[in-house]
Number of protein chains: 2
Amino acid sequence: MTLQPQAAFRALSDPTRRTILTLLDDQPMTIAQVSDRFDMTRAAVKKHLTILKEGDLIRVEPRGRERINSLNPEGMRPVRDWLSHFDRFWDDKLDALKRTIETGEADND
Amino acid sequence: MTLQPQAAFRALSDPTRRTILTLLDDQPMTIAQVSDRFDMTRAAVKKHLTILKEGDLIRVEPRGRERINSLNPEGMRPVRDWLSHFDRFWDDKLDALKRTIETGEADND
DNA sequence: TTGACGTGATACCTTTTGGTGCCATATATA
DNA sequence: TATATATGGCACCAAAAGGTATCACGTCAA
């Protein structure tokens, strides 16, 4: 079902990148704007944004000579889905739903 | 409020460690038992287990000369909580609930 | 056209990470 | 006691990660 969550998990493992996500949650920003919020070079921030893009956690749209980085909340779904595997509560809910539907549809895990 | 999720995020960033969590979800295992499931040395697996423990994702209980490692699903709560910050759907639900509680009125939508 | 600006890309450095091998220590067992 | 077993801990290594400096390139503006 869920795609390889490795890229997203990797992207989330760094505190700077998680902070960037909270910034982009407020508003889309150019690379320079994001860089202004950190005590590191623009090149370093650019690397973090690249890794966030690889994890599909942000969208990047060129606008003239700028690149607008925005949050992609959907990209966190693979991570949430993977975690849900260990959440007994939701597992039970899904099992109940499965029994309710009882259509015998394919369900691979 | 949620604790620092860094240790948990870091623990989850490695695919071997995520696989270990799925193994321990089935049943508690000794270090040697976990090691048997991987093509790497026991020392390497031990390191992974240490990092998982630091992230509070597993419990470790000495039993004689063995150490029983078991899953700690509660340890994933800081991660889930952090992720929920970006989940507009649940944010809206919680906001609605908050309004309902504060006003003491029914919330029909 | 000429710069200034925003970004892409590369080389390079240091620290962390994931892995190995080896040996010490504690516990179970013949 | 003697010995095998299960683990802890350390030194060590290669690769990855996070960071810097630097230069090239496309775009906007005077």
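Only this structure's heavy atoms are used, side chains among them; waters, hydrogens and symmetry mates stay out. Note on naming: letters A, B, ... go to the chains in the order of the sequence lines (proteins, then strands), and numbering restarts at 1 for each one.
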Asks: Using heavy atoms to find the nearest nucleotide of DNA chain D for A:Thr16 and B:Gln33 separately, return the residue whose nucleotide is more 5′.
Replies: B:Gln33

Asks: Any N or O donor-acceptor pair linking the side chain of A:Lys46 to the base of C:dG8 at under 3.5 Å?
Replies: no

Asks: Nearest whole Å is fine: how far is C:dT7 P from A:Asn69 CG?
Replies: 8 Å

Asks: Figure out the CD/C1' separation between B:Glu66 and C:dT27, and round it to whole Å.
Replies: 10 Å

Asks: Report the nucleotide, chosen from C:dG18, D:dG18, D:dT7, that has the shortest atom-to-atom distance to any side-chain atom of B:Thr30.
Replies: D:dT7

Asks: One thing to verify: whether A:Arg63 and A:Glu66 come together as a salt bridge, which I'm taking to mean a side-chain N less than 4.0 angstrom from a carboxylate O.
Replies: no

Asks: Where the side chain of A:Arg42 is defined as all heavy atoms beyond and including C-beta, which of D:dT22, D:dA17, D:dG9 is the nearest nucleotide?
Replies: D:dT22

Asks: Roughly how many Å is it from CD1 in A:Ile51 to C1' in C:dG8, rounded to a whole number?
Replies: 16 Å

Asks: Distance check: side-chain N/O of B:Arg63 vs OP1/OP2 of C:dT27, anything under 4.0 Å?
Replies: no

Asks: Starting at CG of B:Leu49 and ending at P of D:dA6, how long is that distance when rounded to a whole Å?
Replies: 16 Å

Asks: Does a salt bridge link A:Arg80 with B:Asp87, judged by any charged N lying under 4.0 Å from a carboxylate O?
Replies: yes

Asks: Do the side chain of B:Arg65 and the base of D:dG8 come within less than 3.5 angstrom through a donor-acceptor pair of N or O atoms?
Replies: no

Asks: Over how many whole Å does the gap from B:Met40 atom CE to C:dG18 atom C1' extend?
Replies: 8 Å

Asks: Taking any heavy-atom pair under 4.0 Å as a contact, classify A:Ala32: base, sugar-phosphate, or nothing.
Replies: sugar-phosphate

Asks: What is the distance, rounded to the nearest whole Å, between atom NZ of B:Lys47 and atom P of D:dA15?
Replies: 16 Å

Asks: Kindly point out which of C:dG18, D:dA6, D:dT20 is positioned nearest to the side chain of B:His48?
Replies: C:dG18

Asks: A:Thr16 and side-chain contact (heavy atoms from CB on, under 4.5 Å): which single residue from A:Arg37, A:His48, A:Lys47 fits?
Replies: A:His48

Asks: Could you please name the option among D:dG19, C:dC5, D:dT7 that lies closest to any side-chain atom of A:Ala44?
Replies: D:dG19

Asks: Within less than 4.0 Å of OP1 or OP2 of D:dG19, is there a side-chain N or O belonging to A:Thr41?
Replies: no

Asks: In Å, rounded to the nearest 0.5 Å, how long is the span from CG of B:Asn69 to OG1 of B:Thr50?
Replies: 9.0 Å

Asks: Measure from NZ on B:Lys53 to P on D:dT7 and round the result to the nearest Å.
Replies: 16 Å

Asks: Distance check needed: D:dT27 C1' versus A:Ile31 CD1, whole Å only.
Replies: 14 Å

Asks: From the options C:dG8, C:dT20, C:dC5, select the nucleotide whose nearest atom is closest to the side chain of A:Arg67.
Replies: C:dG8

Asks: With rounding to the nearest 0.5 angstrom, report the CZ to OG1 distance, B:Arg17 to B:Thr22.
Replies: 14.0 Å

Asks: Less than 4.0 angstrom between a side-chain N/O of A:Arg17 and OP1 or OP2 of D:dG18, yes or no?
Replies: yes

